[in-house]
Amino acid sequence: MSPLWDEGLQNERTRLAWVRTAALLAVSGLGAAGIGLRAGTHLITVVPFALAALCGAVLLARTGVRYQRVQHALHEGSPLDERADAVIAWLGTLAAAAGAVVFVLLR
């Protein structure tokens with residue numbers, strides 16, 4: 001039986017993808033919230049973007065922990081449940097989309 005992992009650095013590439021996703025979510029959320037505040041839009045427009053930025057920051061902070069859990073699961077054969085990270089990423093993405101819709105509708 002072959003091991004669950006190989007030497008191909010898949011976990012490292014996945015970690016980098018999560019870092020890119022989290023950083024993009026955090027930076028774009030902060031940027032959009034800042035633009036909204038400078039434009040003088042309603043606070044209801046800024047809140048979803050701030051939530052997206054917060055979700056990105058949480059994902060970025062969890063990157064090291066997620067990497068260690070995946071490494072342990074691959075080497076030890078233990079189960080892995082990373083639904084929390086997927087939920088946070090979806091929440092941030094939906095918040096950014098909702099902020100964009102509200103921004104367009106209120107303009």
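Please read these numbers as outputs of a predicted model, since none were measured by experiment. We number each residue from 1, following the sequence as shown.
Across all their heavy atoms, A95 and P48 have their closest contact at O-CB, 3.2 Å. Between F49 and A100, the shortest heavy-atom contact is CZ-N, 3.4 Å. Summarising the geometry of L25 relative to A52, their closest heavy-atom pair is CG-O, 3.4 Å, with the distance given to 0.1 Å. Heavy-atom minimum distance, A26 versus A53: O-CB, 3.6 Å. Taking each heavy atom of A86 and W18 in turn, the nearest pair found is N-CH2, 4.2 Å.
Taking R62 as the reference, D85 meet the side-chain hydrogen bond (donor to acceptor under 3.5 Å, both in side chains) condition, with sequence neighbours excluded. By the side-chain contact (heavy atoms from CB on, under 4.5 Å) test, A97 pairs with no residue at all, sequence neighbours left out. Applying the side-chain hydrogen bond (donor to acceptor under 3.5 Å, both in side chains) criterion to R20, with sequence neighbours excluded, gives no partner residue.
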- Item | Check against side chain to side chain contact (heavy atoms under 4.5 Å, CB included), I35 and T41 | CA-CA 9 Å; I35 290 170; T41 61; over 6 Å; no
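In this structure, the separation between CG on L60 and CG on L24 is 11.5 Å, given to the nearest 0.5 Å. Interatomic distance, L43 CG to L37 CG, rounded to the nearest 0.5 Å: 7.5 Å. Rounding to the nearest 0.5 Å places OG1 of T93 at 11.5 Å from CD1 of I88.
Residues R66 and L59 have side chains in contact (heavy-atom distance under 4.5 Å, counting atoms from C-beta outward).
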